[in-house]
There are 2 protein chains.
Amino acid sequence: MENITEMLKGVLEGCVLEIISRGETYGYEITQHLRELGFTDVVEGTVYTITIRLEKNNLVDIEKKKSTVGPPRKFYTLTEAGREQLEVFWTKWDFITSKMVELKTMEIKRRG
Amino acid sequence: MENITEMLKGVLEGCVLEIISRGETYGYEITQHLRELGFTDVVEGTVYTITIRLEKNNLVDIEKKKSTVGPPRKFYTLTEAGREQLEVFWTKWDFITSKMVELKTMEIKRRG
DNA sequence: TACTAGTATATAGTATTACAGAGTAGTCGT
DNA sequence: ACGACTACTCTGTAATACTATATACTAGTA
């Protein structure tokens, strides 16, 4: 899918939170998951900016571990605040999707 | 719903296109519709920037009409390009929503 | 007249976010 | 030594919604 950049804003961070919530993982792997999911154009740099942001906002804990196949990995796990943020994310997402359905099906009332 | 700003990026323009597709309308009325829909924090300025953008991209035709209750209104209707853009928007939206469902339900494959 | 409220368009400036593009490092196989 | 893959880092840019404000027209009312 091309050019969904703008539509991903505010969504991608939630995706990353969700992926981390399934178990500790690191930036490169998160990128791979997103690409497998279908967001094929997501690059490491994008995920990096998101993880940095999550770290700044204390939504994730970090543990550095050595790898046998490359440089050390920074593993992320959600903090309590991170889990709360993830819930908030899905609440917002559900709100918007419900409104979009409403928009698609609603009769628009006209004024005079 | 608070703070859904970022999540609305790339979505709001599609909403405006959809609303215009139902029949000619103007900025202020579009804002009202969006607020009735539930996007209560959307303000005129935001819609204005969107309609300007639509105009620049030749997605809408404009007709100025006098009003009995205030200054003249600028009525918008979709051009052929606008209708195509609206279809593209829903395609993208459906893609993202399907991926989000997948994300929510998917088993995440772990690597070694 | 003067004031207020509701309607309606317009615009400058700001914050947030995803992305492009590049760099740096570590490990492994040849 | 070299290339391929893994993995994190960083700088800068474009797109978009929002804040805040200004302008203008009509109607009601004091």
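Chain A is the first sequence line, chain B the second, and so forth, proteins listed ahead of strands; every chain is numbered from 1.
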[N] OP1/OP2 closer than 4.0 Å to side-chain N/O of [X]:
X	N	result
Y26(A)	dA7(D)	yes
S67(A)	dG26(C)	no
R53(A)	dT16(C)	no
Y28(B)	dT9(C)	no
T5(B)	dC18(D)	yes
K66(A)	dG26(C)	no
Y48(B)	dA8(C)	no

Would you mind reading off the distance between [X] atom [atom1] and [N] atom [atom2], rounded to a whole angstrom?
X	N	atom1	atom2	answer
I52(A)	dC10(D)	CD1	P	7 Å
F39(A)	dA18(C)	CZ	C1'	13 Å
N3(A)	dA20(C)	CG	P	10 Å
I4(A)	dA18(C)	CD1	P	12 Å
M7(B)	dC18(D)	CE	C1'	17 Å
E6(A)	dA20(C)	CD	P	12 Å
E44(A)	dC19(C)	CD	P	12 Å
K92(A)	dT17(C)	NZ	C1'	13 Å

Item checked: Per V69(B) side chain, nearest of listed nucleotides dA8(C), dT9(C), dA20(C) -> dA8(C)

Next item on the list: Could you check which of dA17(D), dT17(C), dC25(D) has an atom nearest any side-chain atom of E13(A)?
Entry: dT17(C)

Next item on the list: Answer yes or no: are there more than 12 heavy-atom neighbours, outside E87(B) itself, under 6.0 Å from its atom CD?
Entry: no

Item checked: Residue K64(A) excluded, over 12 heavy atoms near NZ under 6.0 Å -> no

Checklist line | Any donor-acceptor N/O pair under 3.5 Å between dT16(C) base and K9(A) side chain | finding: no

Which part of the nucleic acid, if any, lies within contact of [X], taking any heavy atom under 4.0 Å across all strands shown: a base, the sugar-phosphate backbone alone, or nothing?
X	value
T51(A)	nothing
T46(B)	base
G27(A)	sugar-phosphate

Item checked: Most 5' of G45(B) and I50(B) on DNA chain D, judged by nearest nucleotide -> I50(B)

Margin query: I want to check a possible cation-pi pair here: K74(B) against Y26(B), using under 6.0 Å from ring centre and within 45° of the ring axis as the test.
Written below: no

For [X] and [Y], work out which heavy atoms get closest and say how close.
X	Y	answer
G82(B)	L17(B)	O-CD2, 4.3 Å
L86(A)	G14(A)	CD1-O, 3.9 Å
Y76(A)	I20(A)	O-CG2, 3.5 Å

Check: In terms of the nearest nucleotide of DNA chain C, which residue is placed more toward the 5' end: F75(B) or D41(A)?
Finding: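 Its nucleotide being nearer the 5' end, the pick is F75(B).
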
